[in-house]
Number of protein chains: 2
Amino acid sequence: MTAILLVDDHPIVREGYRRLLERQPDYRIVAEAANAAEAYQAYRKVSPDIVIMDLSLPGASGVEAVRHIKQWDKGARILIFTMHSGAAFALKAFEAGASGYVTKSSDAAELLRAVAIVAKGGRALSDDVAREIAAERLGEGRALVDELGPRETEILRLVASGRTTEDIAGILNLSPKTVQNYHYQIKSKIGARTDAHLVWLAIGAGLVGDASAT
Amino acid sequence: MTAILLVDDHPIVREGYRRLLERQPDYRIVAEAANAAEAYQAYRKVSPDIVIMDLSLPGASGVEAVRHIKQWDKGARILIFTMHSGAAFALKAFEAGASGYVTKSSDAAELLRAVAIVAKGGRALSDDVAREIAAERLGEGRALVDELGPRETEILRLVASGRTTEDIAGILNLSPKTVQNYHYQIKSKIGARTDAHLVWLAIGAGLVGDASAT
DNA sequence: GCCCTGATCGGGCAAATTGCCTGGGGGCGA
DNA sequence: TCGCCCCCAGGCAATTTGCCCGATCAGGGC
């Protein structure tokens, strides 16, 4: 039996959850809350197995509520169920300690699947949000790269992937000085103030983004 | 009418594509290839509107083939259709210039949808891969961060997000020299050879990677 | 052929940063 | 009270950055 705490400022929506969840044999809603403060109180009182929470709450935001609860109980499992499909919301929620993120446009089956995953300690993410995050990660803006010549692009790729100046000089059979010059030229063309900034721009342009195979 | 070039080393699989795609009124398979070299030749000969390609080909990898074709025609639209669902494969493919990535576990409808998107110049990604990339993006590995003190973590976050040394000094009310020292210390503790490398490690640790709310 | 443009390659030099060491102060557990 | 670790920052040589310059080579256009 899985004890659930429901947090949503809309009683009607809570009623909807209740209908859906209590039809499942293993789930029981043991408490409800309409805002962050209530959620926190309720959590401390009933220690539910999982929390299902909306992100837009009156007063403190849902992200704050997540952070607060996780601070009190590091093992808390919180599933965000919200209308926002933006990648930024989801990332913030996970950063705060949420275990799952499902949008309200998902169907009942998807919510139940997410609840099951989170209850087992896993991480759940609905398809539309996954797609958003992936899209952001893949980046849209080429633009930048078009300003650069092929050699510059090549060197940007290498620099952004973490290579040393000397590495690059070796790989491309150039003088280290030339690589430095390109490096500098790229930064000024692109308008990056920092190497780190350069990396982000390169990611945005789709030039890099690997994480495997160094 | 959309002209398609099919690249897959398995004739039976190509037959499958053909069945599926030629049932659609707008698609016509104008050429086939069984390896990277053939694909390249065929592309130059028929200039198809889109290429549907497997990633695992005999000889040169599909990624190489993509890079090669894009080098010859920057406007080429290439849709990868493969069995690999790993994020790394997909990222490499996009980096090389692919416009879409669909796994063979997707159903026919998803492939057709992807073909349509790519034909229109968009970018397509199947759900399972999106999920993989998102998972990777959310990051698993803390590890690194545990080595660092809170101050170091803070500074790493700022450095990795692209701030200038002076910016950081201003934000945290420190001497620029102190920031430089932390910056150096972090690099040696974490084992990063380059600032760019540092950014990747910070991303992996989930410290940065927002893109919103600066 | 000739000029112009643009990409590629690198030297030079001052100013800034990195790499590494040093040292002092504060908190906290043994 | 003694370490130990974290915080903060100066010093100094070595390297890199920032910005200048000139040389070569390929492709147009006239």
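Here the structure is a predicted model, which means the values were calculated and not measured. Letters A, B, ... mirror the listed sequences (proteins, then strands); counts begin at 1.
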Using a 4.5 Å cut-off on heavy atoms from C-beta on, say whether the side chain of [Y] contacts that of [X].
X	Y	result
L198(A)	I186(A)	yes
D8(A)	M53(A)	no
L79(A)	V51(A)	no
I52(A)	L5(A)	no

Heavy-atom closest pair, residues A124(A) and V118(A) =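 Looking at all heavy atoms of both residues, the shortest contact is CB-CG2, 4.1 Å.
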task = Taking all non-hydrogen atoms of both residues into account, name the closest pair between V7(B) and A39(B) and its distance.
result =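 Shortest heavy-atom separation between V7(B) and A39(B) comes out as CG2-CB, 3.7 Å.
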Output the rounded distance in Å from [atom1] ([X]) to [atom2] ([N]).
X	N	atom1	atom2	answer
I168(A)	dT16(D)	CD1	C1'	13 Å
E166(B)	dT17(C)	CD	P	6 Å
Q180(B)	dT15(D)	CD	P	17 Å
L172(B)	dC8(D)	CG	P	8 Å
H183(A)	dC9(C)	NE2	P	17 Å
K187(A)	dT17(D)	NZ	P	6 Å
I186(B)	dT17(C)	CD1	P	16 Å

Divergence of helical axes at both termini of the helix from dG1(C)-dC30(D) to dA30(C)-dT1(D) - five pairs an end, 10° steps =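 The two end axes of the helix from dG1(C)-dC30(D) to dA30(C)-dT1(D) meet at 30°.
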query = After noting the C-alpha distance and the side-chain angles of F81(B) and Y101(B), does the key distance pass the ring pair (Phe, Tyr, Trp, His ring centres under 6.0 Å) rule?
reply = CA-CA 6 Å; F81(B) 185 57; Y101(B) 193 100; 9.7 Å; no
Can you give me the N/O atom pairs linking the protein to nucleotides 4-8 of chain C at distances under 3.5 Å, or say none if there are none?
residue, atom, partner, partner atom, Å
dT8(C), OP1, R151(A), N, 3.1

inquiry  = Working to the nearest 0.5 angstrom, can you tell me the gap between T178(B) OG1 and I168(B) CD1?
reply    =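 With rounding to 0.5 Å, OG1 (T178(B)) is 12.0 Å from CD1 (I168(B)).
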request  = Flag the pair R44(A) and D73(A) as a salt bridge only when some basic side-chain nitrogen lies within less than 4.0 angstrom of an acidic carboxylate oxygen.
outcome  =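 D73(A) and R44(A): not salt-bridged.
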task = Give a yes/no on whether any side-chain N or O of S175(B) is located under 4.0 angstrom from OP1 or OP2 of dG10(D).
result =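 For dG10(D), OP1/OP2 do have a side-chain N/O of S175(B) under 4.0 Å.
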Test log, rule side chain to side chain contact (heavy atoms under 4.5 Å, CB included), inputs L21(B) and L6(B) = CA-CA 11 Å; L21(B) 291 166; L6(B) 230 48; 4.2 Å; yes
message = Each nucleotide in nucleotides 20-25 of chain C should get exactly one letter: B, S or -. Can you fill that in based on protein heavy atoms under 4.0 Å?
response = BB----
request  = For side-chain hydrogen bond (donor to acceptor under 3.5 Å, both in side chains), just list the numbers for T164(A) and R193(B), CA-CA rounded to whole Å, side-chain angles, deciding distance to a tenth of an Å, and then say yes or no.
outcome  = CA-CA 7 Å; T164(A) 307; R193(B) 306 159 42 75; 3.0 Å; yes
